[in-house]
**Student:** 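Starting off with a structure, shown below.
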Amino acid sequence: MRWSSAFIPTLRDAPADAEAVSHKLLVRAGFIRQLHAGHYSLLPMGLRVHEKVAQIVREEMNSIGGQEFLLPAMHPASLWKQSGRWDVMGDDMFRLQDRGGTDLALGMTHEEVFSHLATSLHSYKELPQLWYQIQMKFRDEQRPKSGLLRVREFAMKDSYSFDLEDSGLDRAFEAHHDAYVRIFERMGLNAMPVQASSGAMGGTASVEFMVPSPAGEDDVLVCDSCGYRANVERGTSQLEEVLDEDDGTTLERFPTPGVRSIADLAGLESQALAVQQIKTMVMVLDGELTLALLRGDHQLNLQKLQDSTGAIEVRPATTEETLEALGAAPGSLGAVGVEKIRVLADLALQGRFNMFTGANEDDWHLRGVSVEADISVSEWTDLREVEEGEACIDCGALLSVVRCIEAGHIFKLGRKYAESMGISVLDADGKAQIPTMGSYGIGIGRAVAAIAENHHDEAGLVWPMSVAPFHMLITVLDVDDRTSMRIAEKAETAFRAAGLDVLVDDRDARPGVKFADAELVGIPFRLTIGARNLEKGQIEFTPRSTGDTQMLDLDECIEAALKNVRSTK
RNA sequence: CGGGCUGUGGCGCAGUUUGGUUAGCGCACUGGUCUGGGGGACCAGGGGUCGGAGGUUCAAAUCCUCUCAGCCCGACCA
């Protein structure tokens with residue numbers, strides 16, 4: 001490929017609205033261009049990387065017995081109604097109607113369609129099956145952001161396993177786990193498997209593959225000592241037990257003028273440390289007003305609340321709703337004496353007494369609250385978000401919190417979808433059995449962005465060989481020099497014969513421009529042909545990652561470069 | 001969904017408060033001369049009607065109304 005005829009629109013400045021490094025660089029280097037919020041065009045360079053990532057995924061999926069499909073992106077609503085997710089998916093699903101008024105949806109995922117196909121399975125002899133595709137998904141994200149990291153239309157590899165027995169599902173899950181480890185390793189991503197929430201899909205085991213990056217949107221608890229890794233939406237820790245002094249204090253109202261927060265109350269009353277307070281959060285779960293109680297110094301994790309209740313829509317109550325339900329404004333809320341409202345309490349409040357909480361009257365609080373005696377707790381559950389520095393649940397060492405990009409997610413669905421979608425096979429005894437399913441995803445575009453996040457420097461992108469748009473860049477400094485061009489062509493032919501993707505920068509531009517573009521675009525190796533060195537019989541060879549240029553003798557430069565490339569591959 | 005900010009050539013921006021000639025700058029682009037190993041210089045050019053619609057006015061990028069779009073933060077600390 002000749003740069004002079006390639007479409008690689010590099011930019012000196014990043015668009016003003018780009019924030020994430022990958023976003024800036026992918027746009028500047030001419031890999032992607034935004035069409036609309038959450039919708040990006042892949043330009044030729046971007047598509048090359050995208051395809052290479054997809055190919056790695058494909059190869060590893062095939063290696064564990066996956067069969068590739070290509071399913072429609074647009075689905076009839078009926079299919080989603082059958083699984084029950086037409087309603088569950090809410091506003092995240094793009095919906096439309098055809099001319100006849102039939103409801104349709106753009107697929108956010110393909111459990112339904114694959115399950116529908118799986119109704120053609122009739123015998124246990126046909127199991128297990130492992131099906132996958134790489135197809136566009138559509139999600140009406142509330143807030144697309146960070147270039148390719150969070151978009152509304154994206155290619156995703158999704159696979160589904162069908163097994164008769166739970167042990168088969170375990171094997172499919174493990175196979176995916178190992179395949180994902182290989183996939184991310186091959187594309188240069190340091191992805192760690194992490195315990196995760198299963199979300200609204202239900203299911204048991206759930207593991208996310210997380211790539212550390214400041215551009216990520218997930219926080220992961222990491223224990224360097226024992227290897228514990230969990231998303232904060234799921235992870236727990238050992239909490240130091242609080243021994244409340246049993247000084248016989250009984251429930252008592254006391255005035256707290258102007259107190260509106262945990263900190264205010266702690267400042268007013270020396271006994272009312274945050275640890276001694278009950279934080280009362282008013283939430284609305286699928287329209288039902290619910291109180292979530294936490295220790296004053298703890299924070300609610302919405303996903304945990306959602307997971308423990310199975311609620312679809314979770315939001316904080318408005319001040320009006322709160323006033324109407326409890327009779328007080330936020331700042332003086334409490335659950336003491338509340339009977340008609342569902343009360344969820346975090347496990348850290350179990351057995352606590354002599355605590356402080358709001359009295360449900362503005363400017364009044366209660367002291368001497370015994371959680372179990374004074375509050376009608378409907379359910380005890382884990383609601384709080386673990387913070388950095390807490391003790392690892394497994395080994396007690398200090399946990400750190402690492403910001404990550406979710407690059408992959410595997411989980412066991414169980415029989416829920418198979419059942420609702422009507423999949424069943426006859427077992428060896430001739431009895432109908434519902435197969436158990438697993439669901440496994442990798443976002444291709446997000447992987448591209450994650451690689452860019454992890455492989456760049458001040459000058460630009462630094463692609464790993466495995467996903468580089470081109471492996472070798474031949475920069476010709478003196479395009480009008482016959483000898484230079486002839487050598488470039490010879491090298492190009494030789495490299496291509498060796499299986500490399502080669503780009504020749506034959507633009508009539510100043511060297512500075514070419515070098516700057518070369519570094520921005522991030523092709524792993526560069527051969528620089530300049531008349532000056534040519535006279536000395538030499539050519540330069542520069543790996544993008546180190547920038548260390550070595551001089552090669554003209555007559556052996558091709559072999560020497562290839563040797564170098566192979567040793568890095 | 002709440003809050004904030006922003007829409008002016010391909011990209012980055014100024015001009016808007018205090019309406020007033022042909023709407024300006026840098027980069028990019030075209031032609032030319034020179035230059036030729038890290039985004040070079042000079043000369044000459046092309047391209048926008050100021051997100052959209054409506055309104056006020058002799059006159060609107062600038063004021064008013066509506067609308068569309070984009071970005072950031074928040075949507076846990078009651």
Side-chain angles (χ1 to χ4, degrees), chain A residues 7 9-20 23-24 27-28 30 33-39 90-91 140-147 150 219 232-233 256 259-266 274 277-284 291-306 313-319 321-323 325-326 328-335 346 357-360 362 365 383-385 387 459-460 475-481 484 507-520 526 528-534 540 542 547 549:
Chain A
F7 184 63
T10 58
L11 258 29
R12 190 179 291 219
D13 300 311
D17 48 27
E19 193 77 10
H23 186 191
K24 288 183 186 167
V27 172
R28 278 190 58 208
R33 203 111 308 176
Q34 184 181 47
L35 175 65
H36 179 53
H39 300 268
D91 291 335
D140 192 355
E141 293 284 346
Q142 300 182 60
R143 196 175 147 208
K145 58 181 281 201
S146 307
R150 189 170 205 78
D219 287 319
V232 292
E233 294 176 345
T256 51
V259 168
R260 287 291 172 273
S261 67
I262 301 278
D264 288 350
L265 185 59
Q277 297 189 38
I278 303 169
K279 182 188 287 186
T280 308
M281 306 193 52
V282 188
M283 306 297 293
V284 179
L291 299 186
L293 307 185
L294 290 142
R295 207 171 84 183
D297 58 332
H298 287 164
Q299 303 190 14
L300 174 68
N301 183 285
L302 280 180
Q303 190 64 48
K304 284 186 172 180
L305 177 63
Q306 198 163 15
E313 192 209 346
V314 173
R315 63 171 174 87
T318 62
T319 306
E321 286 168 327
T322 302
L323 262 173
L326 296 177
S332 302
L333 302 177
D346 182 67
T357 192
N360 286 336
D362 288 348
H365 279 74
L383 294 174
R384 75 181 186 92
E385 184 164 306
E387 285 181 11
T475 300
V476 183
L477 295 181
D478 308 285
V479 185
D480 297 328
D481 179 54
S484 294
R507 294 175 298 169
D508 181 17
R510 300 183 67 82
V513 174
K514 296 185 161 205
F515 292 144
D517 273 349
E519 279 150 13
L520 178 58
R526 183 175 85 213
T528 308
I529 302 175
R532 184 184 296 175
N533 281 321
L534 225 44
E540 287 165 47
T542 314
T549 294

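Within every chain, numbering begins at 1; the chains are lettered A, B, ... in the order of the sequence lines, protein sequences first and strands thereafter.
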**Student:** For the C1' atoms, the ones on B:C13 and on B:A28, what distance do you get once it is rounded to whole angstrom?
**Tutor:** 14 Å

**Student:** Look at all strands and tell whether A:Glu387 reaches a base, only sugar-phosphate, or nothing, counting heavy atoms closer than 4.0 Å.
**Tutor:** nothing

**Student:** For nucleotides 10-14 of chain B, which of its nitrogen or oxygen atoms have a protein nitrogen or oxygen under 3.5 Å away, and what is each distance?
**Tutor:**
unit_1 : atom_1 : unit_2  : atom_2 : d
B:C11  : O2'    : A:Asp13 : O      : 3.4
B:G12  : OP1    : A:Ala16 : N      : 2.8

**Student:** Say you pick atom C1' in B:C66 and the same atom in B:C25; how far apart are they, in whole Å?
**Tutor:** 33 Å

**Student:** What interatomic distance, in whole Å, is found between C1' of B:G48 and the corresponding atom of B:G10?
**Tutor:** 11 Å

**Student:** Remember a base hit wins even if backbone is also touched, and classify A:Arg260 as base, sugar-phosphate or nothing at under 4.0 Å, heavy atoms.
**Tutor:**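 Sugar-phosphate contact only.
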
**Student:** Measure the shortest side-chain to side-chain distance between A:Leu520 and A:Arg28 over non-hydrogen atoms and say whether it is less than 4.5 angstrom.
**Tutor:** yes

**Student:** What does A:Pro511 touch in the nucleic acid at a heavy-atom separation under 4.0 angstrom: a base, only the sugar-phosphate, or nothing?
**Tutor:**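 Sugar-phosphate, no base atom in range.
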
**Student:** Do you see a donor-acceptor pair shorter than 3.5 Å between the side chains of A:Asp517 and A:Thr10?
**Tutor:** yes

**Student:** Closest to the A:Lys145 side chain: B:C72, B:A78, B:G70?
**Tutor:**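 In terms of side-chain proximity for A:Lys145, the closest of B:C72, B:A78, B:G70 is B:C72.
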
**Student:** Can you give me the closest heavy-atom contact between A:Asp346 and A:Leu383, atom names plus distance?
**Tutor:**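 Between these two residues, the closest heavy atoms are OD1-N, 2.7 Å.
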
**Student:** So, OP1 or OP2 of B:C76: does either fall under 4.0 Å of a side-chain N or O from A:Gln303?
**Tutor:**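 Answer is no, no contact under 4.0 Å.
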
**Student:** Work out how far the P atom of B:G12 is from that of B:G51, and round it to whole angstrom.
**Tutor:** 15 Å

**Student:** For B:A53, give the paired nucleotide (Watson-Crick: N1-N3 plus N6-O4 or O6-N4; G-U: N1-O2 and O6-N3; both under 3.5 Å), or none.
**Tutor:**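 Pairing partner, where one exists within any strand: B:U65.
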
**Student:** Provide the Watson-Crick or G-U wobble partner of B:C42, both distances under 3.5 Å; none if there is no partner.
**Tutor:** B:G32

**Student:** Under 4.0 Å between any heavy atoms, over every strand shown, what does A:His36 touch: base, sugar-phosphate, or nothing? Just pick one.
**Tutor:** sugar-phosphate

**Student:** Let's see if you can work this out: which of B:G37, B:A78, B:G38 has an atom nearest to the side-chain heavy atoms of A:Thr528?
**Tutor:** B:G37

**Student:** Are any protein N/O atoms closer than 3.5 Å to N/O atoms in nucleotides 29-35 of chain B? If there are, list each pair with its distance.
**Tutor:**
unit_1 : atom_1 : unit_2   : atom_2 : d
B:U35  : O2     : A:Arg510 : NH1    : 2.6

**Student:** Watson-Crick or G-U wobble partner for B:G10, using a 3.5 Å limit on both distances?
**Tutor:**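 The answer is B:C27, by the H-bond criterion.
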
**Student:** When rounded to the nearest Å, what value does the distance between C1' atoms of B:G40 and B:C27 take?
**Tutor:**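 Comparing C1' positions in B:G40 and B:C27 gives a spacing of 14 Å.
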
**Student:** Could you tell me if A:Thr542 and A:Thr549 have a donor-acceptor pair between their side chains, going purely by distance under 3.5 Å?
**Tutor:**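 Indeed, the side chains of A:Thr549 and A:Thr542 share at least one donor-acceptor pair under 3.5 Å.
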
**Student:** Does A:Asp478 use its side chain to pair, donor to acceptor, with the backbone of A:Asp480 at less than 3.5 Å?
**Tutor:**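 Judged by distance alone, no pair lies under 3.5 Å.
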
**Student:** Side chain of A:Phe515 only, please: which of B:G38, B:A78, B:C72 is the nearest?
**Tutor:** B:G38

**Student:** Does A:Ala20 or A:Thr322 map to a spot on RNA chain B nearer the 5' end, using the closest nucleotide for each?
**Tutor:** A:Ala20

**Student:** Can a donor-acceptor pair under 3.5 Å be found between the side-chain atoms of A:Asn533 and the base atoms of B:G37?
**Tutor:**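 Present.
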
**Student:** Does the side chain of A:Glu387 come under 3.5 Å of the side chain of A:Gln299 through a donor N or O and an acceptor N or O?
**Tutor:** yes

**Student:** On a whole-Å scale, what distance lies between the C1' atoms belonging to B:U17 and B:A61?
**Tutor:**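 Pairwise C1' distance, B:U17 against B:A61, rounds to 14 Å.
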
**Student:** Base, sugar-phosphate, or nothing for A:Leu477, non-hydrogen atoms under 4.0 angstrom?
**Tutor:**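 Here A:Leu477 touches the bases of the nucleic acid.
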
**Student:** Taking the side chain as every heavy atom from C-beta outward, state whether A:Val314 and A:Val284 have any atom pair closer than 4.5 Å.
**Tutor:** no

**Student:** Looking at B:G48, which nucleotide sits across from it as a Watson-Crick or G-U wobble partner, both distances under 3.5 angstrom, or is there none?
**Tutor:**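 WC or wobble partner does not exist here.
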
**Student:** Once hydrogens and angles are ignored, does a donor-acceptor distance under 3.5 Å link the base of B:G37 to the side chain of A:Glu540?
**Tutor:** yes

**Student:** At under 4.0 Å between heavy atoms, what does A:Asn301 touch on the DNA or RNA strands: base, sugar-phosphate, or nothing?
**Tutor:**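 No contact.
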
**Student:** For nucleotides B:C50 and B:G55, find the distance between their P atoms and express it as a whole number of Å.
**Tutor:** 16 Å

**Student:** Assign A:Asp481 to base, sugar-phosphate, or nothing according to its heavy-atom contacts below 4.0 angstrom with the strands shown.
**Tutor:**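 The residue A:Asp481 makes no contact with any strand.
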
**Student:** Can you tell me the pairing partner of B:G74 across any strand shown, Watson-Crick or G-U wobble, with both distances under 3.5 angstrom?
**Tutor:**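 Matched B:G74 with B:C1 under the 3.5 Å cut-off.
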
**Student:** Heavy atoms only, 4.0 Å cut-off, all strands: where does A:Pro316 land among base, sugar-phosphate and nothing?
**Tutor:**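 Base: the residue A:Pro316, judged by heavy atoms under 4.0 Å, touches a nucleobase.
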
**Student:** Could you measure between the two C1' atoms, the one in B:U62 and the one in B:G20, and give it in whole Å?
**Tutor:**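 To the nearest whole Å, 11 Å.
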
**Student:** What is the nucleic acid contact for A:Gly530, judged by heavy atoms within less than 4.0 Å: base, sugar-phosphate only, or nothing?
**Tutor:**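 Answer is base: heavy atoms of A:Gly530 come under 4.0 Å of a base.
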
